[in-house]
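A note on names: the letters A, B, ... follow the listed sequences, proteins ahead of strands, and every chain is numbered from 1. Hydrogens, waters and symmetry mates are skipped; everything else that's a heavy atom, side chains included, is used.
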There are 2 protein chains.
Amino acid sequence: MAQTRWLDEQEMAAWRGFLAAGHLVARRLEQQLKDEAGLSHTQYEILVHLSAAPDGALRMADLAERLITSKSGLTYQVAQLEKAGLVGRRSCTSDVRGVFAELTEQGAAVLREAAPGHVAAVREALIDVLDREQLVVLAEALGEVSRRLRGPDRTGE
Amino acid sequence: MAQTRWLDEQEMAAWRGFLAAGHLVARRLEQQLKDEAGLSHTQYEILVHLSAAPDGALRMADLAERLITSKSGLTYQVAQLEKAGLVGRRSCTSDVRGVFAELTEQGAAVLREAAPGHVAAVREALIDVLDREQLVVLAEALGEVSRRLRGPDRTGE
DNA sequence: ACACCGTGGTTCGAATGTGAACAACCCGAT
DNA sequence: ATCGGGTTGTTCACATTCGAACCACGGTGT
């Protein structure tokens, strides 16, 4: 085992900033959505992804991957949204096991209602704080980070 | 209410990257720490902050703010760490209400043990994925984001 | 047709995180 | 001295999250 390469000052600043910003932004948005739309951020994200899907429906597994959450976690949240009437379940015709979650009329309406306030909060907390160059670098950098962490671990290949 | 300014493509990429990277990195580190050190990331962070404090001790409220967590959440985690013998509680002499959490010998040892693996994971997941320029921009950008979100809400003033 | 392995979802138990309500306490103004 | 406001930690009830166990099914090879 090689000697540990500790983080230098800039690296530490980046790491601390990443952690802090993550928590703070998450907290702010959670609060904003709960207050203004009665949704958790996770629930809002589910509605967004369904809304963006071709026919407003996605397979559970597919949706779970996009949300970056566990299957069981998704089952729970979809159940909540179903109780609230914002999402429906439809079984898949080609695969009996498969389940589609689909946006209901009401779900779409709630999303339309909630979106402006959410976008405004995202701008205020993150986007509008950055200038264009920072924005682009951030997108590129974190995009690459995500890409590497997604899917199977190709760490050592 | 002005018309909603939706996110353009770059802004959306930055936002999505931020969200995805946040989840993915958090998940990876959580797993790495649990596997190699038997600690949650929160617990690890508590040890780190205590270790960094002048005398290895911090007031609960102070610690909670640094961790960006709720007071109640901290009470819980410190209790867990106390059960494990990694942290001790000491009441404050100047303020009866005050409680200091302090790193124990064992806590310091566990931290020393866990740190190298954790730093390596942080490098692999985030730091070493970025080049120096990205790193610096990220640190600056997210530092500013954090700074604005910390402290009191001056949203409407 | 049948045995097998991988996949898709759900269920279950355990661990956390949060805000509200509390009780005790510090401090400054009256 | 004491009254009111803000602090400090904790307790509590509740909402989530996650991984492991599980069940049912799809596809493939024989």
Side-chain angles (χ1 to χ4, degrees), chain A residues 19 22-35 38-46 57-84 87-102 151-152, chain B residues 19 22-24 26-35 38-46 57-84 87-102 151-153:
Chain A
L19 271 189
H23 283 150
L24 291 166
V25 170
R27 181 186 290 241
R28 159 76 85 224
L29 293 183
E30 203 69 54
Q31 180 186 333
Q32 181 269 323
L33 278 171
K34 198 68 89 183
D35 287 351
L39 294 171
S40 68
H41 189 214
T42 304
Q43 294 171 337
Y44 179 85
E45 284 291 304
I46 291 177
L58 284 174
R59 287 287 290 269
M60 295 294 280
D62 190 355
L63 186 49
E65 194 179 351
R66 300 190 194 206
L67 294 176
I68 311 179
T69 187
S70 61
K71 292 182 299 176
S72 52
L74 179 60
T75 294
Y76 172 76
Q77 282 300 168
V78 166
Q80 298 309 107
L81 288 170
E82 196 175 18
K83 280 186 205 165
V87 160
R89 286 169 130 92
R90 179 160 47 80
S91 51
C92 172
T93 58
S94 63
D95 186 337
V96 186
R97 300 166 303 174
V99 174
F100 278 101
E102 67 180 342
Chain B
L19 272 188
H23 283 149
L24 291 166
R27 180 184 291 237
R28 158 76 85 225
L29 293 182
E30 202 69 52
Q31 179 187 333
Q32 180 269 324
L33 278 170
K34 197 69 85 181
D35 288 350
L39 294 171
S40 68
H41 190 214
T42 304
Q43 293 170 339
Y44 179 86
E45 284 292 303
I46 290 176
L58 285 173
R59 287 287 290 269
M60 294 294 279
D62 190 354
L63 186 49
E65 193 179 352
R66 299 189 193 206
L67 293 176
I68 311 182
T69 189
S70 60
K71 292 182 298 176
S72 51
L74 179 61
T75 294
Y76 171 75
Q77 282 301 166
V78 166
Q80 298 309 106
L81 288 171
E82 194 173 21
K83 280 185 204 167
V87 159
R89 287 169 128 93
R90 180 160 48 80
S91 51
C92 173
T93 56
S94 64
D95 184 337
V96 186
R97 300 166 304 172
V99 173
F100 278 101
E102 67 180 341
D153 289 339

Item to check | Distance-minimising heavy-atom pair for B/Leu63 and B/Ala101 | outcome: CD2-CB, 4.3 Å
Next on the checklist: Give me the atom names and distance for the closest heavy-atom approach of B/Ala64 to B/Lys71.
Outcome noted: CB-CA, 4.5 Å
What is the separation between atom [atom1] on [X] and atom [atom2] on [N], rounded to the nearest whole Å?
X: B/His23; N: D/dT17; atom1: NE2; atom2: C1'; value: 11 Å
X: A/Gln80; N: D/dT16; atom1: CD; atom2: C1'; value: 9 Å
X: A/Ile46; N: D/dT16; atom1: CD1; atom2: C1'; value: 12 Å
X: B/His41; N: D/dT17; atom1: NE2; atom2: C1'; value: 17 Å
X: B/Phe100; N: D/dT10; atom1: CZ; atom2: P; value: 13 Å
X: A/Tyr44; N: D/dT16; atom1: OH; atom2: P; value: 17 Å
X: B/Asp35; N: D/dC18; atom1: CG; atom2: C1'; value: 14 Å
X: B/Gln77; N: D/dG9; atom1: CD; atom2: P; value: 17 Å

Checklist entry - Hey, does A/Glu30 reach any base, or is it just sugar-phosphate, or nothing, if we go heavy atoms under 4.0 Å? => result nothing
Item to check | Side-chain touch B/Gln31/B/Lys34, heavy atoms, less than 4.5 angstrom | outcome: no
Next on the checklist: Is it true that, when you exclude B/His41 itself, more than 12 heavy atoms of the residues, nucleotides or ligands shown sit nearer than 6.0 Å to its NE2?
Outcome noted: yes
Next on the checklist: Using the rule given for side chain to side chain contact (heavy atoms under 4.5 Å, CB included), can you reason through A/Gln77 versus A/Thr69, listing the C-alpha separation, both sets of side-chain angles and the distance that settles it, and then say yes or no?
Outcome noted: CA-CA 10 Å; A/Gln77 282 300 168; A/Thr69 187; over 6 Å; no
Item to check | Atom pair CG (B/Leu81) and CZ (B/Arg89), whose distance is rounded to the nearest 0.5 Å | outcome: 10.0 Å
Next on the checklist: Using heavy-atom distances to pick each residue's nearest nucleotide on DNA chain D, tell me which of A/Thr42 and B/Ala61 is more 5'.
Outcome noted: B/Ala61
Checklist entry - Given D/dT16, is OP1 or OP2 found less than 4.0 Å from the side-chain N or O atoms of A/Lys34? => result yes
Item to check | B/Arg27 side chain near D/dT17 phosphate (N/O to OP1/OP2, under 4.0 Å) | outcome: no
Checklist entry - Stepwise, does the side chain to side chain contact (heavy atoms under 4.5 Å, CB included) test hold for A/Arg90 with A/Val99? => result CA-CA 6 Å; A/Arg90 179 160 47 80; A/Val99 174; over 6 Å; no
Checklist entry - Which residues within residues 89-99 of chain B lie with some heavy atom under 4.0 Å of an atom in DNA chain D? => result B/Arg89, B/Arg97, B/Gly98, B/Val99
Checklist entry - When you match B/Tyr76 and B/Ser72 each to their closest nucleotide on DNA chain C, which lands nearer the 5' end? => result B/Tyr76
Checklist entry - Considering residues at least two apart in sequence or located in another chain, which fulfil the ring pair (Phe, Tyr, Trp, His ring centres under 6.0 Å) criterion with B/Phe100? => result none
Item to check | Contact interval (first through last nucleotide) of DNA chain C with protein chain A, 4.0 Å heavy-atom | outcome: C/dG6 to C/dT18
Checklist entry - A/Leu58 and A/Arg66: side chain to side chain contact (heavy atoms under 4.5 Å, CB included), yes or no, with the steps? => result CA-CA 10 Å; A/Leu58 284 174; A/Arg66 300 190 194 206; 3.8 Å; yes
